[in-house]
Amino acid sequence: MDKILEINNLTKEYIMGEVTVHALRGVSIAIYEGEFVVILGPSGSGKSTLLNIIGGIDAPTSGDVLFHGKNISRASEKELTLFRRGAVGFVFQFYNLIPNLTARENIALASELADDPIPADRLLEDIGLSDRGDHFPSQLSGGQQQRVAIARAVGKNPSLLLCDEPTGALDLQTGIQVLRILKDFNQNYKKTVMIITHNAGFGKIGDRVFHVRDGLIDSIQVNENPLAPEEVSW
Amino acid sequence: MLFRKAVRAIWANKRSYLACMFLIAIGVLMFTAMNTAGAGLASSALGFYRDYGMSDIFARVDAIPVGMTERLTEADGIEAAEARYILEVMAETPDEGETVTMRLISADPRGSVINRLLIEGSEWSAPGDIILNPAFVKAHGLVPGDEIRVIYKGRTFIFTFCATALSPENIYVTKNATDLLPDNSGFGIGYITPDSMASLTNAGGVGNSVVLTLTEGYTFDEVKVFLEDALTPYGLKELIDKKDHLSYSFVDLEISGIRSMAASLPMIFVLIAAIVLYLMMKRVIEQERTQIGVLRAFGYSRLQIVAHYMCYGAVTGVAGGVAGSIMGYFLAEFYFYMFMEYFQMPALSEESRPLYFVVGMLLAVSGGMLGAFMGALKSIRLIPAEAMRPENPPPIKYDPVGKIKVLRYVLTSRGSMALRSITRNWMRSGFVVIGVMFSFGLLCISGSFNGLIDKIMFSQYTYVQRYGVKLPLVRPLPYDTAVESAYAIDAVYLAEGLLEMPAEIRHKHLREGSLLTGIQASSSLYRICDTVTMVEYPPPADSVILSNTLADNLNVVAGDTVYIASPLLDEDVPIIVSRVIEQNMGGGCYMEIGALSDLLQIPKTATSIILNTDDLPYLKDYLRDSIYVPSVDDKDSTLTKLRDMMGIYSSMYLVLQVMSALVGFAIIYNTSTISLAERKREYATLRVIGLTVDEISGIMNFEYWILGFLGMILGVPFVQYLNMGMNAMMETTSFSMPSVLPVSAYASGVAGSAAAILLSGWSAKRRIRKFDMVEVLKERE
């Protein structure tokens with residue numbers, strides 16, 4: 001498999017008044033195309049910061065992030081926008097759907113930006129919400145909203161799907177459904193998926209699991225036979 | 001401690017609060033300036049009228065012995081009566097040797113009771129002394145001892161300027177009612193002794209003007225019949241009430257105009273500021289919901305919480321009020337300066353300034369606090385535990401955008417987002433529309449000034465008045481004699497007579513003083529023309545054409561019969577109104593000259609000659625010795641002077657235009673700031689998805705362009721309404737503003753509104769660019 005992402009000695013410092021917080025202290029990892037990666041760590045370990053830098057919505061203090069060999073850590077604002085537009089899909093813990101667009105329109109909002117989008121109706125079918133396409137987010141449950149958020153992220157047909165605690169606000173059953181969709185996207189469309197979570201149970205569904213602690217990669221776990229989401233308990 | 005929190009919160013959103021302060025400041029500025037100026041003008045004028053015995057009635061007669069006026073006071077209701085001689089002559093000043101028109105008024109050096117003069121300098125000490133109005137003196141840079149050469153009936157009389165004088169009957173000085181503005185260099189008033197007047201007229205002991213004052217409690221109508229009977233033997237030409245006197249009515253019109261504007265415009269601005277504050281506070285309460293919960297949990301009462309948020313409004317109100325009062329002080333100075341340019345009276349009273357400052361501040365603070373209170377009302381209803389939880393997003397109950405199926409195919413998702421943003425918050429959208437409408441209206445009105453003046457000048461001096469020179473005659477002459485005399489002058493190649501007679505026109509119970517104008521049947525020098533349609537009508541022989549202003553005042557439409565009353569007529573004469581035309585300047589009532597003479601039961605007569613010449617200097621020189629022509633009115637110099645004098649108004653309207661655009665900007669900027677705060681998360685999400693800053697700000701711009709467009713569409717009838725209101729304040733029987741605004745006015749409205757939308761769009765874009773996506777997305781919905 002080819003490397004989709006290579007991260008070298010990444011650091012991130014936040015200056016908060018007189019205190020400097022070291023969110024990342026020199027992370028180096030490589031991610032391959034089609035992988036399902038889980039980044040696991042407790043609150044404040046730096047996993048969200050890592051995801052944000054990978055996704056081009058935050059800048060590192062030092063170090064490099066190479067996407068298909070191109071260093072995005074040195075990219076301009078315009079280049080980062082184009083990177084997010086074409087290559088990355090984001091899924092957030094709190095969905096972040098646009099409240100005055102319907103489910104279909106939320107998906108189309110992202111698809112309209114892509115050169116080779118996946119049709120919104122097909123994605124609605126994939127996530128089991130064909131009959132809810134004309135509903136607004138406020139008319140959907142949390143799980144349904146998160147499914148629409150995933151469809152929106154996938155709609156652009158990105159190479160890399162970044163998910164920040166995608167089940168953090170959901171109950172168990174709904175969480176499993178969401179993970180199933182992410183897994184299906186990974187398998188059906190052969191796309192790379194990175195999930196960050198503090199839930200250790202998720203580690204079993206990833207091809208590889210990066211354990212983050214105090215801004216460093218503590219360990220890397222490789223699952224030869226990852227479990228299906230339905231088999232996981234947390 | 002809470003006050004400190006309020007101050008910091010205001011500082012953090014200083015631009016939005018500054019915009020509110022600006023709106024309040026504009027309201028207070030107008031309130032303070034207009035009220036101060038209006039009150040100053042009113043108290044000064046009324047004081048001058050009272051202290052210097054302004055006459056209640058004016059009569060023009062052929063000749064009346066001065067001693068006869070004593071008899072008039074024997075009638076009930078007449079307190080005093082005086083006769084004087086008024087004469088219009090040509091005069092030359094030492095500065096340029098230019099011929100000007102001067103109205104000479106005989107004044108009793110022993111002191112009159114009516115229309116007493118406020119003299120500055122030495123009174124008449126020699127027979128040839130002349131006292132002049134100060135504006136004329138200033139315009140010509142005269143100093144005591146300068147010679148004024150008066151040319152009358154071909155003879156030259158030399159007077160010596162000895163002092164200046166103000167008179168309550170000449171506060172607003174124009175040659176006649178149809179003059180647009182005072183012409184201080186081209187027209188002056190000279191007061192000379194009765195003896196000096198007698199040496200000019202060869203008629204000692206008589207007057208051609210009678211002024212009267214009424215006993216308290218009596219009105220003009222109660223003595224009118226008596227005066228008509230008493231003065232008819234002396235050739236009564238005109239009898240008018242003080243309210244119809246040119247100077248008095250113009251001052252009155254100015255005062256009432258300023259007062260009505262002072263009563264409405266400031267309130268509108270403060271109300272807009274209050275609504276903006278309401279929207280802002282509503283948003284602040286939503287944002288600080290958790291903080292309110294914490295404060296309530298700590299034991300702060302509802303009243304304390306509401307008082308805290310009202311503090312935001314109070315601070316905004318105080319700051320806006322102080323700024324507005326300071327600016328109002330300077331604007332009032334500007335008004336005073338302008339009044340002193342146009343109104344000739346003692347220095348304006350400024351006594352009422354502190355009162356208006358206090359009331360202005362109260363207006364500002366109460367407006368600010370009201371807006372804040374309305375916005376903070378929601379905080380009263382919050383229960384602490386509930387307040388500490390984020391608010392559930394409001395469900396979308398009705399989706400008009402989704403109902404219009406075709407929009408799905410026309411609009412992108414971003415377009416739908418913009419349209420739904422409009423329908424999501426009807427109140428705010430409606431407010432933006434009204435704000436743009438208001439700003440567009442003010443922009444059009446302020447931007448219309450130059451265009452309107454050009455239009456008036458174009459239609460009046462180019463289309464209506466085709467003549468280059470008008471020669472008023474000292475007395476009416478037989479038409480043919482007058483015209484033949486004009487043609488006898490080598491430089492004249494076209495001449496016609498004009499008959500202009502003051503009269504009263506009656507329709508049912510309504511009466512209006514007007515100027516009857518008789519025009520040659522196939523006139524090529526004077527056109528009766530509707531200034532809206534630019535259609536020309538020949539002067540009718542069996543009916544009259546009325547101006548729209550006169551027709552409105554008399555409630556007349558074409559086909560109605562009106563009655564004409566004139567001292568020349570034994571009884572009122574009925575005549576049909578054949579047409580009503582829009583007209584901005586002029587007499588108001590038109591007829592064919594022969595027919596008008598017949599109606600007035602006189603031979604075909606001219607009171608002035610209109611003509612075209614190819615050698616104006618020769619004509620002026622020729623007429624120096626004329627015994628019939630006291631002055632030469634040439635159109636070109638009138639136009640030049642008018643354009644010069646319009647400059648001061650023009651700059652004032654430019655300031656108003658800039659302020660109007662800023663008002664539009666303040667409204668759009670603040671509502672877009674609120675929108676941005678509400679949609680911060682949405683826009684950050686869009687940026688993460690990959691939309692550029694341009695694309696995101698495009699969503700907001702699209703929304704505001706739609707609202708702005710609606711505002712401008714609604715602004716068109718609003719402008720008509722405003723224009724009607726302005727016209728009602730400004731129009732006189734001989735002058736009105738055009739009812740149709742020029743295209744340039746609407747263009748300036750569109751340009752100003754568009755500039756406001758673009759500017760706030762640009763500002764919003766800058767703020768979107770600064771969004772910290774990570775921070776925004778961390779927040780929980």
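What you are looking at is a predicted structure, and each value in this text was computed from that prediction instead of being measured. Numbers restart at 1 for each chain; the letters A, B, ... are given by sequence-line order, proteins then strands.
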Select one option (side chain, backbone, both, neither) describing which atoms of [X] are under 4.5 Å from chain B's heavy atoms.
{"X": "A:Glu77", "value": "side chain"}
{"X": "A:Leu113", "value": "side chain"}
{"X": "A:Arg104", "value": "neither"}
{"X": "A:Lys156", "value": "side chain"}
{"X": "A:Asp164", "value": "neither"}
{"X": "A:Glu105", "value": "both"}

So which of [options] has the biggest tally of heavy-atom pairs under 4.5 Å with chain A?
{"options": "B:Ile689, B:Thr685, B:Leu419, B:Val693", "value": "B:Ile689"}
{"options": "B:Arg679, B:Arg769, B:Arg687, B:Arg414", "value": "B:Arg687"}
{"options": "B:Ala684, B:Gly690, B:Ser416, B:Ser421", "value": "B:Gly690"}

Distance-only, no hydrogens or angles: does the [X] side chain make a donor-acceptor pair with backbone N or O of [Y] under 3.5 Å?
{"X": "A:Asn106", "Y": "A:Leu101", "value": "yes"}
{"X": "A:Arg25", "Y": "A:Asp214", "value": "yes"}
{"X": "A:Gln146", "Y": "A:Phe92", "value": "yes"}

Would you mind telling me which of A:Leu40, A:Val27, A:Ile217 makes a side-chain contact (heavy atoms from CB on, under 4.5 Å) with A:Phe210?
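So the option named by the test is A:Ile217.
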Cation-pi check for A:Phe36 against A:Lys183: NZ or CZ below 6.0 Å from the six-membered ring centre and within 45 degrees of the axis, yes or no?
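Satisfied, under 6.0 Å and within 45°.
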Give a yes/no verdict on a cation-pi contact between B:Lys14 and B:Trp11, requiring under 6.0 Å between NZ or CZ and the six-membered ring centre and an angle within 45° of the axis.
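Relative to the ring axis of B:Trp11, which defines the angle, B:Lys14 lies inside both limits.
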Should B:Arg420 and B:Glu682 be marked as a salt bridge (charged side-chain N to carboxylate O under 4.0 Å, His left out) after you check the CA-CA gap, both sets of side-chain angles, and the distance that decides it?
CA-CA 13 Å; B:Arg420 287 216 182 86; B:Glu682 289 171 39; over 6 Å; no
Most heavy-atom pairs under 4.5 Å with chain B, out of A:Asp58, A:Leu82, A:Thr81, A:Thr102, belong to A:Thr81
